[in-house]
2 protein chains.
Amino acid sequence: MSTEEKIKEAAKKIFIKRGYAGARMNDIADELGMNKALLHYYYRSKEKLFEVIFFEVFDMLLPKLKATVTTDLPLRKKIELFVNTYVDAIASNPYVPMFILHELSQDPDRFVEKLKRRNSFPEIGQFILQVIQEMEEKNIQQYHPFHFFMNMISMCAFPFVARPMLQAVSGIGDEHWNEIMAIRKEEVTRFILNAIRI
Amino acid sequence: MSTEEKIKEAAKKIFIKRGYAGARMNDIADELGMNKALLHYYYRSKEKLFEVIFFEVFDMLLPKLKATVTTDLPLRKKIELFVNTYVDAIASNPYVPMFILHELSQDPDRFVEKLKRRNSFPEIGQFILQVIQEMEEKNIQQYHPFHFFMNMISMCAFPFVARPMLQAVSGIGDEHWNEIMAIRKEEVTRFILNAIRI
DNA sequence: GTCTATAGCTGGATAGAC
DNA sequence: GTCTATCCAGCTATAGAC
């Protein structure tokens, strides 16, 4: 791995742990046993380094989600695919939601602005329409379509965000936590499908 | 409202918006048209000021939740009460989850440690047992009880955390968002009860 | 109690040797 | 490319006048 790569990985770790404001260039350098002057040599400034990571994280996640939401599957299959994709993607990068929320809270407008410049922004309109149609045809329970969508997203993402607190409240240790999360996809999918069945 | 109170309220606003690391004592002072020396006069240090707010936020939320989880109601009623209480509590302080997550991510252990010193920590063991019993008696669908609990929490809390992103993805404006959130309690309760019905 | 002024430190950024 | 040394802005915190 090149020095440039190594810096990026270490920076990702620190930014995710502490957020942009809390992260120190020194911490990143220490993480690598390097000097912070090197970070500036490769990435010019803290802000620039952060942006590189920011977009990398999103380019890993958003295109996948966009693809699942816009495929041409029947609703139930699409829900299953969405949950599987989302939970898998986050489970293999469990720090991502926290990272996103961290920066989202600092300056929501700037954050959303950055995102929109990528055109990988998931387009949920079509999915919502599909839900509405199934409801009109009485194939599934009636819900407010947006709440239904929020329920899906919430159950996929929140456990990863709130993990430390959930573990504290429940007393579940790390090993046990991983075992439990391994079956989350199936549990959530089944939960949703049961909730919409007539 | 006393100066001390005013400082606390302004500080809460800033800490929530920017997190501990991102908040500036100057921002808090400016918010009030005061001088930052005053903040130190009343609260000694940034850290002390933060702690006061931290515990105030939790003392507003946790005891309520603890109460709902440990009441002696049948499961379905308890679920309804839990969702109503949680969503109401957060809706009237929509910044709270973000605030919590912010600080949770900085140093999870210290965070949980602080919390445990209060004895208002919700005890979910009894609730989980109740869920298990209903499942064994085949009164409700079979789920992993912890996933079921996570689903409840997730749907209550996440929309408030991710609001800016959800609005961006969906294109929903502020007025419309408020309308939608006004019915969330009912939507979530119905969703859960439908998911567990046999 | 409230203000101005300033001390003292932290952390991002750069210069310059190697 | 990598390191050491150092600059300088921005921040917390305090001293001291009123």
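Order of the sequence lines sets the chain letters (A, B, ...), proteins ahead of strands, with each chain counted from 1. It should be emphasised that the depicted structure is a prediction, and the values quoted were computed from it without experimental measurement.
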* After noting the C-alpha distance and the side-chain angles of B:E137 and B:Q133, does the key distance pass the side chain to side chain donor-acceptor pair (under 3.5 Å) rule? -> CA-CA 6 Å; B:E137 292 171 7; B:Q133 191 180 349; 3.2 Å; yes

* Asked: What parts of residues 2-24 of chain A reach DNA chain C, counting only heavy atoms under 4.0 Å away?
  -> A:A23, A:R24

* Aromatic ring pairing A:F127/A:F148, orientation class (parallel under 30°, perpendicular over 60°, tilted between) -> parallel

* Leading and trailing nucleotides of DNA chain C with any atom under 4.0 Å from heavy atoms of chain B -> C:dG1 to C:dT4

* Asked: Which residues in residues 29-44 of chain B have at least one heavy atom lying under 4.0 Å from any atom of DNA chain C?
  -> B:N35, B:A37, B:L38, B:Y41, B:Y42

* Ion pair present between B:E51 and B:K48, side-chain N to carboxylate O less than 4.0 angstrom? -> no

* To do: Flag yes if more than 12 heavy atoms outside B:R44 fall under 6.0 Å of its CZ atom; otherwise flag no.
  => no

* Relative to the ring of A:F191, is the ring of B:F191 parallel (under 30°), tilted (30 to 60°) or perpendicular (over 60°)? -> tilted

* Quick one, which residues of residues 46-56 of chain A touch DNA chain C with a heavy atom under 4.0 Å? -> A:K46

* To do: Quick one: sort the A:F54 and A:F50 rings into parallel, tilted or perpendicular, breaks at 30° and 60°.
  => tilted

* To do: Can you run down the side-chain hydrogen bond (donor to acceptor under 3.5 Å, both in side chains) pairs that involve residues 150-169 of chain A, sequence neighbours left out, and say none if there aren't any?
  => A:N151-B:R184, A:R163-A:Q167, A:R163-A:D174, A:Q167-A:D174

* To do: Output all residues satisfying side-chain hydrogen bond (donor to acceptor under 3.5 Å, both in side chains) with B:K12, sequence neighbours left out; order by chain, then residue number.
  => B:E56

* Within the side chain of A:K36, is there an N or O that forms a donor-acceptor pair under 3.5 Å with the backbone of A:I28? -> no

* To do: Assign the ring pair A:H144 / A:H147 to parallel, tilted or perpendicular, where the plane angle (0 to 90°) is split at 30° and 60°.
  => perpendicular

* So, the side chain of B:K8 versus the backbone of B:I53: is there a donor-acceptor pair under 3.5 Å, distance only? -> no

* Asked: Can you tell me if NZ on B:K17 sees more than 12 non-hydrogen neighbours from other groups inside 6.0 Å?
  -> no

